[in-house]
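Convention: sequence-line order gives letters A, B, ...; per-chain numbering from 1.
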Number of protein chains: 2
Amino acid sequence: MSHPLDTIFHPKSVAVVGASNAPEKYGYIILKNILDAGFPGAVYPVNPKATEILGRPCTRSVGELPPGVDLAVIIIPAKAVPQAVADCGQRGIQAAIIISGGFAESGEEGAALQRDVVEAARRFGVRVVGPNCQGVNNPHHSLCASWPLLTLPGDIAVISQSGTVGAALLDWASQEQLGCSAFVSMGNRSDVDETDLIDYFTQDPHTRAIAAYLEGVKDLARFREVVSRCPKPIVILKAGRTAEGRRAAESHTRSLAGRDELYTALFHQLRIHRADTLEDLYDAAKALAYLPRPRGRRILTITSSGGSGILATDWAEWSGLTIAPLPGPVADSLRGVLPAHCIIANPLDLTGDANAALYRQVVDATAPHCDYHIIIFGDPILQAADVPTPGSPQLVIFLGGADVERQERVRMHQKKVPVFPTPERGMRALARLYAFDGVGP
Amino acid sequence: MSHPLDTIFHPKSVAVVGASNAPEKYGYIILKNILDAGFPGAVYPVNPKATEILGRPCTRSVGELPPGVDLAVIIIPAKAVPQAVADCGQRGIQAAIIISGGFAESGEEGAALQRDVVEAARRFGVRVVGPNCQGVNNPHHSLCASWPLLTLPGDIAVISQSGTVGAALLDWASQEQLGCSAFVSMGNRSDVDETDLIDYFTQDPHTRAIAAYLEGVKDLARFREVVSRCPKPIVILKAGRTAEGRRAAESHTRSLAGRDELYTALFHQLRIHRADTLEDLYDAAKALAYLPRPRGRRILTITSSGGSGILATDWAEWSGLTIAPLPGPVADSLRGVLPAHCIIANPLDLTGDANAALYRQVVDATAPHCDYHIIIFGDPILQAADVPTPGSPQLVIFLGGADVERQERVRMHQKKVPVFPTPERGMRALARLYAFDGVGP
């Protein structure tokens, strides 16, 4: 273990301080998610009144925990948290995730409590995530100290200053079985902030792209330094961009949201991709984590849906991509093998009775003549997942395919081929790959 | 019956010409969908070789159909279609939906066949949808002469020049149980076009908004005339906006896509909402069909997710909406009843442990002080569907709620309260209500 945050992501054993038998409480939900995700180490519910929670014997207090526990998840009333953090430190616990709210976000009294938490953490050498957060999930270590329950390991690390915004991203990743490499809800960032996390994910072997929802950067100087040596793509949805939005951000997590132009300049300078919406954040991270970098700007669209091909073409042109013409001999040879009603051009329209074999044939025949294939499956195309080759410059879009689409999308995600839900979202995501790189003409 | 297209949407009985026993063929899929949707009249499979399809006795030819059939769905090879249309006309069938491809979209030979279809249709007084289309669905008459199978009646009419694009919209409407008032895939528009359909939906009592995907308007003069007397909101996604996109549109359905600036001017003049993406088309139609018109621009956001409230606030400001300040006495009285950690401002943040009762209380208390409520449910909020009042100026956004979110969304859609999936998509959709109307300050 070599990174200061290792304990947060790879603890040997976990204590849930404030574990509860009441199914509606987070002290129950988080303990259950830790157990249901199959955490490989020991799990200790801590509660002075219960003897057993979810079949696990309870420990009465942090002081009575056995030695060797290295992470505590704390879900107790705010007033008791500073002492709990001190107790953790004295028991040798090196990290705490504080779910409880009632700190800086709720007024002056809470802010004082938060200062007490930070002081206790510093004195006893405890790293703290939160307070007022939705926890940490590391599917690669089967640690779901958070909600919703997501156990599927993936390649995208999600950092969020909003629990719900993070949960929404995770719900999408869970629904379409893309998974994540880790999820951290930072809450009030009393200690661990986005810069610490980007530093961690820079060296995390499972993370291929970092997606963050931020209302403001906490420590600009460190952020600059850490981001400028992070070789992995970072995409950020920065909220609080307008005057009213900034005011709302300042009362949410006491972030100094800062003027939007400053962030625009900063992100550009640091080659951070800026997302415009939550879905854009998700799509951009998917593209940046899973799609290979382009060799050039020539795209070729292969579709069963003429309309979708046109939409993709509009967005390609708006993104500065080149619609590669099919060389005459290639078109001629395709004309010899494809059904007569296919439109052999770019987009190449296989029309509504296309099947996976036909796609495969056309992709193979045209690969030397473009830098990126745009493969659009319109309508239910059985075995569509057999068409793309993982790691190849191929953008897959699937729409109008109902249940077949949902099945084939999951199959492609299992092969690490990302699938986008509309031509526009696919093309916008693809354009991310061209944003900062000097790809050829 | 008073509209020329009534037979297409409300036939008494339907013949499926080219019905098939092979489950992968459209002649099977469409017949099955007509039967599965519970079409209330007689259904006649027509096939010279089969005796029975899907349990229904087959008729050998159109000429042998019993009298009184008024709609034919035609799925036979292109070459045989002109004669089939003539046979339909001679048998007294007044309308035909031609699914088959191989007409103008596939070259000169197909274009000639299409001219023959039009000529036969004119001679015998048959109205034609298609060819090269995905059919017609009217859930209010249990007529699903199309795919996918969607049986839920709703308030939005979908018109599409692309079958897949229409199917994608219908799949979303089906997934979130919003339904549609009707769906028409126009294909090559040899006869029935978008203008005929807008004219029909203008008088259709079930349609409250019209959503269309178009590559070009077929008859500009009639379009102007019909749209200018349509009192219902129309939103159009016009594809083929760039030079390359236009070229692709022209080879797809031989549409004259026309320069984009012309459409911008035309749509503005006719008060047609222009969608930028497929999802924007869907969201705008949802808002325009289901949300009441605003009295003014003052919005008040009530949320359990601070981050989502900030995102909504940014988009509200970009849309020219006013963040209504809470009057002091209202804030004070809320302070007396809400938990201490709630942030009583705009956005009003109930924080992560909010429940439906708390939302309801705050919505009621603040209704006199804003023109539109933005109600954001973040995380799983049980019974969220009990919060909004149908027909009230309330925009509902739900995210990060996983299965609870999906259940409550369906419950709200059953009450005709539309639910949007992210703050950005919700706010963009809401802004549609302000687009052409002179709402107050």
Can you measure from [atom1] ([X]) to [atom2] ([Y]) and round to the nearest 0.5 angstrom?
{"X": "B:Leu311", "Y": "A:Thr277", "atom1": "CG", "atom2": "OG1", "answer": "9.0 Å"}
{"X": "A:Phe103", "Y": "B:His341", "atom1": "CZ", "atom2": "NE2", "answer": "12.5 Å"}
{"X": "A:Asp349", "Y": "B:Ser106", "atom1": "CG", "atom2": "OG", "answer": "11.0 Å"}

Identify which part of [X] has an atom lying under 4.5 Å from any heavy atom of chain B, answering side chain, backbone, both or neither.
{"X": "A:Ala243", "value": "both"}
{"X": "A:Glu24", "value": "neither"}
{"X": "A:Thr422", "value": "side chain"}
{"X": "A:Asn346", "value": "backbone"}

Side chain from CB out, backbone as N, CA, C, O: work out which of these in [X] comes under 4.5 Å of a heavy atom of chain A, or both, or neither.
{"X": "B:Ser308", "result": "both"}
{"X": "B:Leu169", "result": "neither"}
{"X": "B:Gln175", "result": "side chain"}

Can you name the nearest heavy-atom pair linking [X] to [Y], along with the distance?
{"X": "B:Thr313", "Y": "A:Gly245", "answer": "CG2-N, 3.5 Å"}
{"X": "A:Gly240", "Y": "B:Ile310", "answer": "N-CG2, 3.3 Å"}
{"X": "B:Leu278", "Y": "A:Pro423", "answer": "CD2-CD, 4.4 Å"}
{"X": "A:Gly378", "Y": "B:Thr164", "answer": "CA-CG2, 3.4 Å"}

Q.
Apply side-chain contact (heavy atoms from CB on, under 4.5 Å) to residues B:Ile323 and A:Arg247 and explain how you reach the verdict.
A. CA-CA 11 Å; B:Ile323 314 299; A:Arg247 194 189 44 67; 3.9 Å; yes

Q | Note, B:Asp280 side chain near A:Glu424 side chain (heavy atom, < 4.5 Å) | A | no

(Q) Using side-chain heavy atoms (C-beta onward) and a distance below 4.5 Å, is B:Gln134 in contact with A:Asp379? (A) yes

Q: List in chain and number order the residues that pass side chain to side chain donor-acceptor pair (under 3.5 Å) with B:Asp171, two or more places apart in sequence or in another chain; answer none if no residue qualifies.
A: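 Scan of B:Asp171 (side chain to side chain donor-acceptor pair (under 3.5 Å), adjacent residues dropped) gives A:Arg406.
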
Q | Expected output: side-chain B:Tyr213 to main-chain A:Gly307 donor-acceptor under 3.5 Å | A | yes

Q) Judged by modelled atom types alone, do B:Thr242 and A:Glu317 share a side-chain donor-acceptor pair under 3.5 Å? A)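 Yes, because at least one side-chain N or O of B:Thr242 sits under 3.5 Å from a partner of the opposite role on A:Glu317.
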
Q) Among all residues two or more places apart in sequence or in another chain, which pass the side-chain contact (heavy atoms from CB on, under 4.5 Å) test with B:Glu108? A)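 Checked B:Glu108 against side-chain contact (heavy atoms from CB on, under 4.5 Å); matches are B:Ala111, B:Arg115.
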
